Protein chains: 2
Amino acid sequence: MGAPSNNILWIIEDDEAFGNTLMLSLERKGFGVTLWPELPSDEQLSSISQPPDKVILDLKLGHTTSLDFIPRLKTAFPDCAIVVLTGYASINTAVQAVKAGAVNYLAKPASVSDILAAFDGQVSVEQPVEPLSVERLEWEHIQRVLEQSGGNVSEAARRLKMHRRTLQRKLAKRPKQS
Amino acid sequence: MGAPSNNILWIIEDDEAFGNTLMLSLERKGFGVTLWPELPSDEQLSSISQPPDKVILDLKLGHTTSLDFIPRLKTAFPDCAIVVLTGYASINTAVQAVKAGAVNYLAKPASVSDILAAFDGQVSVEQPVEPLSVERLEWEHIQRVLEQSGGNVSEAARRLKMHRRTLQRKLAKRPKQS
DNA sequence: ATAACAATGCGACAAATTGTCGCGCTTTTT
DNA sequence: AAAAAGCGCGACAATTTGTCGCATTGTTAT
């Protein structure tokens, strides 16, 4: 098996352990991988001689969201395919990521094959047959209201009629993927 | 306040009760609403004299997925904004819906203001009235799933991934009116 | 620039809710 | 008829939420 045709790949991921593991796996599959532990600046983007064909973008880098970075990436590298990856997956951020230009969106944990499949635009065609769990529905609702509150946790808590402390705790937990 | 500027709205929804309720609410807000209980055929689409400005599309009509309908709708009415609504939400179908051309994707239960906000997406013109509280959202979701389970509490609890005892307790309490 | 106001994150402990288990009874399915 | 499933609920353990307070940071108004 030869090198993949589109093989310049970036990982933008601040979790070093995960990023390194993923990088090694992908290099073994023949990709030329660059690991960015934080979002590249515009200066860095403009001095890139070999544009990436694919970018794996972690949604949350430190306390920053990467969503606003997607349009900048698409401007700098119009043909680059972006897959967003996150441990805090929500429908609301999935919608935003795809609207911003990502080709796909995955919840961690995601295997290398899941990620590569996501670049190919392969998503499970299966329709869910069960309704969301109460827990999951709550998470999705919280995420949506939080976004509408401009990321302001106190305001979201007021709108949700939930105690701020409780909301903080819920936001700190990763939701079960269903 | 006059009629909304983009006010031809379609609801494509096979749940009659929900569809009618939604239609009445939206008509009261000044929209010209057409309720389709099933997907319009291509013949029907091509004989429409007034294109819809907005379409609320239920993801699941009977046993059919509406995802494939989105491109046909966008072809027939390129400027029409589509919001997908579903009682069986998932990230995968959200990604697919947005890639297919929907402007947003919502999990039921969703209030009218939630739905209208979903159309407004990028342009946050009018701040919606207060979102549903988490408590209220939960209650409405439980009621929906309980009804779908034929009133069977044990089955509803299984679908909701909630303990039966807990569900019993919740059903024994009436939610606070918000 | 400064003051006022709002948001933030989080520990400690009380209060409330959920989870587990078991029971006897009723209803539904085989 | 028998088996399986559903029902309601008490008791107690486990977990989550609510309350409070604190120090710090960020935002808005003067």
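Just the heavy atoms: all of them, side chains too, but no hydrogens, waters or symmetry mates, feed the values below. The structure displayed is predicted, hence computed values, not measured ones. Proteins come first, then strands; the chains are lettered A, B, ... in the order of their sequence lines, and each starts at number 1.
The two residues Asn92(A) and Glu140(A) come nearest to each other via the heavy atoms N-OE1, 4.0 Å.
Judged by distance alone, with hydrogens and angles left aside, Arg169(B) brings a side-chain donor or acceptor within reach of the base of dG19(C), the pair sitting under 3.5 Å. Between the side chain of Arg165(B) and the base of dG22(C), no donor-acceptor pair under 3.5 Å is found.
Just one residue in the list Leu9(A), Ile56(A), Val33(A) forms a side-chain contact (heavy atoms from CB on, under 4.5 Å) with Met23(A), and that residue is Val33(A).
OP1 or OP2 of dC7(D) lies within a sub-4.0 Å distance of a side-chain N or O belonging to Asn152(B). For the OP1/OP2 pair of dA5(D) and a distance below 4.0 Å, the side-chain nitrogens and oxygens of Arg158(B) include no atom meeting the criterion. In this model, the phosphate group of dT16(D) is not approached by any side-chain N or O of Lys170(A) to a distance below 4.0 Å at OP1 or OP2.
Checking dG6(D), dC10(C), dG8(D) against every side-chain atom of Ser154(B), the shortest atom distance belongs to dG6(D). Here dG18(D) is the nucleotide among dG19(C), dG18(D), dC10(C) with the atom lying nearest to any side-chain atom of Thr166(A). Checked against dG8(D), dT17(C), dT20(C), the side chain of Lys173(B) finds its nearest nucleotide in dT17(C).
Using a 3.5 Å distance cut-off with no hydrogens or angles, the side chains of Tyr88(B) and Thr93(B) do not pair a donor with an acceptor.
Gly151(A) comes within 4.0 angstrom of the backbone, heavy atoms only, and of no base.
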